[in-house]
Amino acid sequence: MEFWILHKMIKRIIYLCHIIILAFFTQNAMAQLKTVIYDKVHHIPVSYVNVFRAEKGSFIGTISDENGNVSIDFDFRQLNVSHVNYQPITLLELPDTIFLMPKENILKEVVIKDMEPQWIRPLLSRFVGERKRYYRSKSEYLNYTYLTRNVSDSNGYWFENTGVIRIPSLAEKRIFQIKPSKGYIHYKDNSAGCDFTNMKRMLYHDFVEELDERFIKKHSFRINDSFQSDNKDIVQLYFKSIEYGRGDKGYINIDTTRCIIHSVIRETELPYNLDNNTNSFTRSTVNIVTGWKYSEWYVKQEIVYHLYGDSYYPSTCRYKAYISVESKKGKYAGSKFDSFESEISFSQCDRQDSSGFIELQEPWYIKIIVSKKERLAEEQLQKIPTDHILY
């Protein structure tokens with residue numbers, strides 16, 4: 001009897017030891033799920049990279065910080081890593097460093113002199129005066145390919161669509177129209193619809209169209225001496241807001257002889273985005289209901305222009321946004337984030353008739369009252385044929 005009791009006690013002790021050892025190694029394993037994400041070509045950290053697991057109808061994600069660091073506090077069989085400027089990858093295990101291959105040449109080094117050349121502002125003013133001759137001089141039909149992805153801490157969605165777009169001329173009323181083909185929705189179930197929101201943001205926030213004398217006045221400009229181009233007339237201008245500093249900055253690649261802008265990158269941060277993408281009344285209303293306050297809001301937009309016929313039109317647009325909010329109010333208490341990345345590319349297409357096109361209404365971030373026209377246009381977009389691809 002005593003032997004049986006002793007034997008049972010020993011077995012229990014061994015079982016408890018196994019539990020303790022397993023917990024120790026599990027805790028250590030979870031603590032070690034950290035990595036850093038680097039640009040494979042330029043060996044610089046990549047911030048705002050989406051890192052997520054989408055398996056068996058379950059989604060969980062996180063994002064890299066400004067130094068490329070990311071912590072994974074969830075298990076996975078496959079780990080997805082994506083950024084709109086890089087080729088996406090899928091991992092089966094987590095390395096110490098993740099290297100991403102850029103889709104195109106990315107700024108690797110910036111050498112800027114602390115002096116603004118006197119010719120820059122007159123050149124940009126000349127561009128503002130002449131742009132209607134060279135950019136969107138007439139309406140144009142183009143094929144488009146659109147991809148958008150939204151990743152949060154607990155939800156993931158992406159949407160693919162192709163079709164034809166009518167781009168209005170700069171001289172006419174600014175209304176973009178699309179004739180979409182079938183859309184492909186990636187989500188945990190069949191409840192999600194189509195999302196053209198970031199397509200609208202990329203189209204309606206065209207730098208060439210928005211550049212004006214006010215922008216020129218409110219920014220300082222420098223030349224990036226490290227920029228290289230086969231065309232010696234093309235230079236890269238670095239701009240920075242006088243009011244927001246590095247919170248509104250970017251680069252303009254411009255042909256100084258022909259006064260043609262070939263591409264633009266613009267990055268904006270929280271103060272600029274609050275002042276220019278929302279209004280105080282709407283923010284206050286949302287805050288009263290949810291208690292949400294913005295803690296971070298980063299946006300990066302890129303656009304490349306191409307000559308179609310005798311006029312320049314967008315050829316590639318990319319959009320990256322990261323928004324985080326915090327609240328101490330009731331069921332909304334805590335923090336949450338949303339990370340958006342979208343890309344649209346254009347190519348020439350055959351002549352189109354005007355039937356079957358849907359208007360894209362101007363975008364917004366927060367809106368309390370939606371007009372009937374906006375509602376009906378959105379309903380049309382939701383009626384296009386779709387396939388759901390469940391993860």
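Count residues from 1 along the sequence.
When the salt bridge (charged side-chain N to carboxylate O under 4.0 Å, His left out) test is applied to Arg201, no partner is found at least two apart in sequence or on another chain. The side chain to side chain donor-acceptor pair (under 3.5 Å) search around Thr62 returns none, not counting sequence neighbours. Remark: Ser284 engages no residue in a side chain to side chain donor-acceptor pair (under 3.5 Å) (not counting sequence neighbours). Qualifying side chain to side chain donor-acceptor pair (under 3.5 Å) partners for Ser311, counting only residues two or more places apart in sequence or in other chains: Ser137. Under the rule for a salt bridge (charged side-chain N to carboxylate O under 4.0 Å, His left out), the partners of Arg121 that lie at least two apart in sequence or sit in another chain are Glu116. Under the side-chain contact (heavy atoms from CB on, under 4.5 Å) criterion, Thr145 pairs with Thr162, Ser345, not counting sequence neighbours. Residues passing the side chain to side chain donor-acceptor pair (under 3.5 Å) test with Ser371 are Glu374, sequence neighbours excluded. With sequence neighbours excluded, the residues forming a ring-ring contact (aromatic ring centres under 6.0 Å, His included) with Phe59 are Phe52, Tyr391, listed by chain and number. Applying the ring-ring contact (aromatic ring centres under 6.0 Å, His included) test to Phe215 and every residue at least two apart in sequence or in another chain returns Phe207, His219, Phe239. In this view, Lys200 and Glu378 satisfy the salt bridge (charged side-chain N to carboxylate O under 4.0 Å, His left out) rule, not counting sequence neighbours.
Among residue pairs with one or both ends in residues 228-254, those qualifying as salt bridge (Lys or Arg N to Asp or Glu O under 4.0 Å) are Asp248-Arg266; sequence neighbours excluded.
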Could you pull out all donor-acceptor pairs under 3.5 Å where a side-chain atom in residues 332-339 meets a protein atom, sequence neighbours excluded?
| from | atom 1 | to | atom 2 | distance (Å) |
| --- | --- | --- | --- | --- |
| Ser339 | OG | Asn50 | OD1 | 2.6 |
| Ser339 | OG | Lys320 | NZ | 3.2 |

